[in-house]
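Data first, discussion second: the structure below is written as structure tokens.
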2 protein chains.
Amino acid sequence: MSRSRQDVIEVAGRLFAERGYHATSMRALGRELGLLGSSLYAHIQSKEELLVAVVEDGARFFGAAAAAAVGDTPEAELKSLVAGHLRVIAEHPNQARTFLAEARSLDQALCDRIIAARDHYEEAFRTVLRKGIADGSFRVDLDPKTGSIFILSMLNAVERWYHPDGPMDQDALAATLSDFALRAMRR
Amino acid sequence: MSRSRQDVIEVAGRLFAERGYHATSMRALGRELGLLGSSLYAHIQSKEELLVAVVEDGARFFGAAAAAAVGDTPEAELKSLVAGHLRVIAEHPNQARTFLAEARSLDQALCDRIIAARDHYEEAFRTVLRKGIADGSFRVDLDPKTGSIFILSMLNAVERWYHPDGPMDQDALAATLSDFALRAMRR
DNA sequence: CCTACCGATCGGTAGG
DNA sequence: CCTACCGATCGGTAGG
């Protein structure tokens with residue numbers, strides 16, 4: 001049963017998300033794929049390369065979600081951003097979680113790039129808050145930077161408590177969270 | 001320069017918070033204290049015992065903060081809970097961060113106890129939200145469980161972005177965050 | 001992708 | 001608290 005590089009990255013993402021990067025050994029990763037730890041090096045050059053691949057997948061998914069967000073009004077656009085974020089978490093939980101939690105396990109230069117990617121993503125939220133302040137729909141006395149951090153804090157925590165098979169489906173969560181944020185932002 | 005058990009736990013908390021439990025070796029911890037890794041075992045029995053001690057400190061600090069929160073109204077009590085949480089983060093950042101982030105590095109039984117402690121803390125937030133719903137100050141259409149998760153998500157993320165020497169001091173952050181939460185909760 | 005390793009490092013111990 | 005270790009495991013390599 002031959003494995004592709006993509007298979008390796010996929011399973012690595014799952015283990016990094018479940019146990020963390022440092023707690024995942026190459027032998028454990030190999031076992032999960034039905035091969036030896038040393039055999040993984042036919043597909044990759046180093047363990048860190050795996051983390052980079054998973055984290056960059058996460059960065060791409062969030063980046064694409066931000067770029068795809070649309071709305072006629074700042075309120076609608078913020079709702080779209082929130083829904084997009086939750087979709088990434090639902091569809092790519094391992095990459096999302098690793099992107100959000102394991103950057104510090106990368107060396108300085110790579111870690112900086114991830115932080116830059118997260119900042120770029122956060123900028124989409126800041127921008128929509130700024131638009132809402134400018135057009136009078138959002139209040140003036142909360143700066144967009146702080147507001148976007150609050151909203152992203154709630155979004156980023158979702159993967160730690162939310163179970164899609166619970167009482168709230170994904171759309172209901174998106175609506176509840178957007179509503180919470182919008183009530184706090186409206187003037 | 002002799003070191004006490006408390007010194008060891010203190011510095012371990014700092015390294016666990018900075019690098020994570022698995023990324024902290026006993027030799028690195030010893031170096032930080034001016035001794036060899038093996039010498040640490042004069043003060044402790046195992047590495048995991050250190051994590052338990054740090055995490056339990058965190059649990060105690062948050063538990064005490066919840067117990068100390070007071071307020072004439074649900075609004076005031078929620079503000080007090082928020083301020084207390086931020087005080088714990090400010091005064092005991094390493095224990096707070098390790099308590100919030102490194103529970104999964106503990107074995108099952110200990111991890112369960114930490115999750116129970118976190119749930120007990122969260123219960124203080126659920127209770128005040130329930131009181132506010134009961135007395136008509138908070139809205140009925142957001143259940144206390146979800147509301148408390150949203151508020152705690154914002155609080156728990158604080159240590160990842162907030163710098164007390166920045167433009168917002170601790171009281172300003174408490175006021176801003178409480179205000180955000182209360183606007184979202186009021187009916 | 002396996003066999004057979006490598007040096008480094010891990011948490012931890014015995015004895016002083 | 002150090003010296004001198006232990007077995008286990010780590011990420012990784014050479015050669016097939």
Side-chain angles (χ1 to χ4, degrees), chain A residues 1-56 94 98 101-111 114, chain B residues 1-56 94 98 101-111 114:
Chain A
M1 186 173 22
S2 186
R3 303 296 188 166
S4 71
R5 192 185 140 90
Q6 263 311 314
D7 293 335
V8 176
I9 294 171
E10 182 81 20
V11 175
R14 208 186 74 227
L15 296 190
F16 293 164
E18 282 170 9
R19 320 175 183 180
Y21 176 70
H22 285 293
T24 302
S25 74
M26 295 303 276
R27 284 159 178 86
L29 173 56
R31 203 177 308 127
E32 208 78 11
L33 284 153
L35 28 103
L36 295 177
S38 57
S39 302
L40 296 166
Y41 292 88
H43 300 102
I44 53 146
Q45 309 244 33
S46 72
K47 184 186 179 187
E48 190 172 38
E49 180 189 329
L50 284 175
L51 181 55
V52 171
V54 175
V55 158
E56 282 184 342
N94 301 326
T98 305
E102 294 291 340
R104 72 171 170 182
S105 299
L106 289 165
D107 74 33
Q108 192 65 44
L110 291 165
C111 181
I114 297 310
Chain B
M1 187 170 27
S2 185
R3 303 295 187 166
S4 71
R5 191 185 142 90
Q6 263 311 313
D7 292 334
V8 176
I9 293 171
E10 182 81 20
V11 175
R14 209 186 74 228
L15 296 191
F16 294 164
E18 283 170 8
R19 319 175 185 180
Y21 176 71
H22 285 293
T24 302
S25 73
M26 295 303 276
R27 284 158 177 87
L29 174 56
R31 203 177 307 127
E32 208 78 11
L33 284 152
L35 26 103
L36 296 177
S38 58
S39 303
L40 296 166
Y41 292 89
H43 301 103
I44 54 146
Q45 309 244 33
S46 73
K47 185 187 178 187
E48 190 172 40
E49 179 189 328
L50 283 175
L51 181 55
V52 171
V54 175
V55 159
E56 283 185 340
N94 300 326
T98 304
E102 293 290 339
R104 74 170 171 183
S105 298
L106 289 165
D107 73 33
Q108 193 64 44
L110 292 164
C111 182
I114 297 310

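Protein chains get the first letters and strands the later ones, always in sequence-line order, with residue 1 at the start of each.
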field: Rounded distance in Å - CE (Met26(B)) to P (dT13(C))
entry: 10 Å
- request: Side chain of Leu35(A) only, please: which of dC2(C), dG11(C), dT13(D) is the nearest?
  value: dC2(C)
message: Test of understanding: with salt bridge (charged side-chain N to carboxylate O under 4.0 Å, His left out), list the residues that count as partners of Glu49(B), not counting sequence neighbours.
response: Arg5(B)
- prompt: Over how many whole Å does the gap from Leu51(A) atom CG to dG11(D) atom C1' extend?
  reply: 14 Å
task: Output the distance between atom CD (Glu10(A)) and atom CG (Leu15(A)), rounded to the nearest 0.5 Å.
output: 11.0 Å
task: Determine: side-chain N/O of Tyr41(A) to OP1/OP2 of dG12(D), distance under 4.0 Å, yes or no.
output: yes
- prompt: Is there a residue in residues 4-25 of chain B whose heavy atoms reach under 4.0 Å of DNA chain C, and which residues are they?
  reply: Thr24(B), Ser25(B)
message: Looking at His43(A) and Val8(A), would you say the former's side chain and the latter's main chain have a donor-acceptor pair under 3.5 Å?
response: no
- line: Residues passing the side chain to side chain donor-acceptor pair (under 3.5 Å) test with Gln45(A), sequence neighbours excluded, are none
- request: Any salt bridge (charged side-chain N to carboxylate O under 4.0 Å, His left out) involving residues 37-47 of chain A? Give me the pairs, sequence neighbours left out, ordered by first then second residue.
  value: none
message: Tell me the interatomic distance from Leu40(B), atom CG, to dG12(C), atom C1', rounded to whole angstroms.
response: 11 Å
- prompt: Are any non-hydrogen side-chain atoms of Glu102(B) and Val54(B) less than 4.5 angstrom apart?
  reply: no
query: Between atom CG of Leu29(A) and atom CD1 of Ile44(A), what is the distance when rounded to the nearest 0.5 Å?
result: 7.5 Å
Contact list for residues 14-39 of chain A, test side chain to side chain donor-acceptor pair (under 3.5 Å), sequence neighbours left out: Arg14(A)-Glu32(A)
- line: Annotated structure of DNA chain C as dot-bracket, pair cut-off 3.5 Å, Watson-Crick or G-U only, | for inter-strand, is ||||||||||||||||
Between the protein and nucleotides 3-6 of chain D, list the N/O to N/O atom pairs that are separated by less than 3.5 angstrom.
none

Listed partners of Gln6(A) passing side chain to side chain contact (heavy atoms under 4.5 Å, CB included), at least two apart: Ser4(A), Ile9(A)
message: So, using salt bridge (charged side-chain N to carboxylate O under 4.0 Å, His left out) as the criterion, who are the partners of Glu56(B) when residues are at least two apart?
response: Arg113(B)
task: For DNA chain D, determine which residues of residues 43-50 of chain A have any heavy atom closer than 4.0 angstrom to one of its atoms, and list them numerically.
output: Ser46(A), Lys47(A)
- prompt: CG of Leu51(B) to CG of Leu106(B): how many Å apart, nearest 0.5 Å?
  reply: 4.0 Å
- prompt: Say you draw a straight line from CZ of Arg3(B) to CG of Leu40(B); how long is it, rounded to the nearest 0.5 Å?
  reply: 10.5 Å
- prompt: Considering only heavy atoms from C-beta outward, does the side chain of Met26(A) approach that of Leu50(A) to under 4.5 Å?
  reply: yes
